[in-house]
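The figures that follow rest on heavy atoms only: side chains count, while hydrogens, waters and symmetry mates do not. Lettering follows sequence order; numbering is per chain, from 1.
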There are 2 protein chains.
Amino acid sequence: MATDDLMSKVLEALGDAQPTVEAIHDLTDLAEVPSSMTIAEVADRLALSAHTLRYYERAGLVTVARDSQGHRVYDADAVRRLVFLTRMRLSGMSMRELQHYIELVDAGERTVPERMAMLAEHRDTIVRRLRELTLSLAAVDYKITTYGGATGSDVERRPSRDAAA
Amino acid sequence: MATDDLMSKVLEALGDAQPTVEAIHDLTDLAEVPSSMTIAEVADRLALSAHTLRYYERAGLVTVARDSQGHRVYDADAVRRLVFLTRMRLSGMSMRELQHYIELVDAGERTVPERMAMLAEHRDTIVRRLRELTLSLAAVDYKITTYGGATGSDVERRPSRDAAA
DNA sequence: ATTTGCGTTAGAGCGCGCTCGAAGTCCTAG
DNA sequence: CTAGGACTTCGAGCGCGCTCTAACGCAAAT
């Protein structure tokens, strides 16, 4: 995924600090967004390719104005929306869902409840995924610490030749 | 992913307990594995499709014997390996990496160091992913709690009509 | 005897999310 | 005047991980 790098960047910036609401706020919204940017600048800032930005636009996720030469001009709103989109993609929301979400946004205030519902559901998805990963981490740790040890690995526990993984 | 369901199952079984090494151990390895199973039984047990099991076999991830009728017979080792594979897939290891890992396993004991290195690297990947998701969770929570509030959402903070996501 | 059901194979197809290529336009620097 | 470079559009292509189809085999149940 092209969006993978963004988070690495963000996490680097964060250091070992706990990711708090404030941190998020600082890292995305409060970072001053120039009032207009070229596609290259946006691509650079969000750590995704110009190709991907055009793709998102084609997918209807964001609308971008053109200058006199037909080149894209990203305004602050567009950039902020892209920050949001990138974050949602990265946390596992599908293009399809995002398209739906954006349709809701474009449909106006009255869709706020449905948007909230989507966010809440996505939140659940993230939490579930966190639990899965935590479990997998424990499993991998277990395998690492016991590999070749007296009791065998969790996958091959019998006296153990190389029968299993 | 076909493997997604397995973890749901496991997590359900876990309830709210912290996923510990012991829990993992109980849930996978110690659960008694019949000495032989049909493809349907294995599929059911691992919550993936028979199609996927055949696919994994074709991919060289596991070797499965046949009975007199040419039907697959999964022995305990095969099942344990599949448990391992499923867990790795679920935590984000690619088919390609798993193929390499299995090659190493089949190459014998002397590849243990390289296997350990792979596991350690994968461990890092999981940890990174956990941090990403934790950050995303905070962002989504922030957006949920501030949606439409006095200060605007993190994506549209100005007095806010529906300009941004 | 035939239907039902579970399995087999080889290979095609699919959904996703990009990613890239071709061909063209426009501006700037040398 | 020309070359380079950044951009444009449109559409094709790709890597991944399945997922499914077709045609078939075998065996127990009706």
- Whole Å only: how far is the CZ atom of Arg96(A) from the P atom of dC14(C)? 15 Å

- Message: If you only use heavy atoms from C-beta on, which nucleotide in dT19(D), dG7(C), dG17(D) is closest to the side chain of Thr52(B)?
- Response: dT19(D)

- Task: Tell me whether the OP1 or OP2 atom of dC20(C) has a side-chain N or O from Tyr55(A) closer than 4.0 Å.
- Result: no

- Note on the structure: To the nearest angstrom, the CG-C1' distance between Leu53(A) and dC20(C) comes to 15 Å

- Asp44(A) CG to Ile39(A) CD1 distance, which is reported to the nearest 0.5 Å: 12.5 Å

- Message: So, OP1 or OP2 of dC18(D): does either fall under 4.0 Å of a side-chain N or O from Tyr56(B)?
- Response: yes

- Of the non-hydrogen atoms in Tyr74(B) and Val64(B), which two are nearest, and what is the gap between them? CE2-CG2, 3.4 Å

- Could you tell me whether the phosphate oxygens of dT8(C), OP1 or OP2, come under 4.0 Å of any side-chain nitrogen or oxygen in Arg66(B)? no

- Query: Which part of the nucleic acid, if any, lies within contact of Ala40(B), taking any heavy atom under 4.0 Å across all strands shown: a base, the sugar-phosphate backbone alone, or nothing?
  - Reply: sugar-phosphate

- Quick one: do Ser91(A) and His122(A) satisfy side chain to side chain donor-acceptor pair (under 3.5 Å)? Show the steps, please. CA-CA 9 Å; Ser91(A) 59; His122(A) 185 59; 2.8 Å; yes

- Query: Expressed in angstrom and rounded to an integer, what is the separation of Leu82(A) atom CG from dC18(C) atom C1'?
  - Reply: 15 Å

- Message: Looking at Asp106(A) and Arg81(A), is there a salt bridge between them, counting it only when a charged N and a carboxylate O are closer than 4.0 Å?
- Response: yes

- Query: How close or far is atom P of dG7(C) from atom OH of Tyr74(B), stated in whole angstroms?
  - Reply: 10 Å

- Query: Between atom CD in Glu41(A) and atom P in dC7(D), what is the gap in whole Å?
  - Reply: 8 Å

- Query: Atom CD1 in Ile102(A), atom CE in Met88(A): separation rounded to 0.5 Å?
  - Reply: 9.5 Å

- So does Glu132(A) pair up with Arg129(A), basic N to acidic O under 4.0 Å? yes

- May I ask you to evaluate whether Arg89(B) reaches the phosphate of dC18(D), defined as a side-chain N or O under 4.0 Å from OP1 or OP2? yes

- Query: Hey, what do you get for CD (Glu97(A)) to CZ (Arg89(A)), rounding to the nearest 0.5 Å?
  - Reply: 9.5 Å

- Note on the structure: In B/S/- notation (B base, S sugar-phosphate only, - none; protein heavy atoms under 4.0 Å), nucleotides 22-30 of chain D written 5' to 3' is ----SS---

- Query: Taking only residues two or more places apart in sequence, or in another chain, which ones meet Arg110(A) in a salt bridge (Lys or Arg N to Asp or Glu O under 4.0 Å)?
  - Reply: none

- Message: Quick one, Arg72(A) with Thr38(A), criterion side chain to side chain contact (heavy atoms under 4.5 Å, CB included). Give me CA distance, side-chain angles, the key distance, then yes/no.
- Response: CA-CA 6 Å; Arg72(A) 285 172 178 78; Thr38(A) 68; over 6 Å; no

- Within less than 4.0 Å of OP1 or OP2 of dT8(D), is there a side-chain N or O belonging to Arg72(A)? yes

- To the nearest Å, how far apart are Asp67(B) CG and dC6(C) P? 16 Å

- Task: To the nearest Å, give me how far apart CE (Met37(A)) and C1' (dC7(D)) are.
- Result: 16 Å

- Note on the structure: d(Ile126(B) CD1, Leu133(B) CG) to nearest 0.5 Å is 12.0 Å

Polar-atom pairs under 3.5 Å, protein N or O versus N or O of nucleotides 10-12 of chain D: list them with distances, or write none.
{"residue": "dG11(D)", "atom": "N7", "partner": "Arg58(A)", "partner atom": "NH1", "Å": "3.1"}
{"residue": "dG11(D)", "atom": "O6", "partner": "Arg58(A)", "partner atom": "NH2", "Å": "3.3"}

- Message: Any side-chain N or O of Thr38(B) below 4.0 angstrom from OP1/OP2 of dG7(C)?
- Response: yes

- Spacing of Met93(B) atom CE relative to dC18(D) atom C1', expressed in whole Å: 19 Å

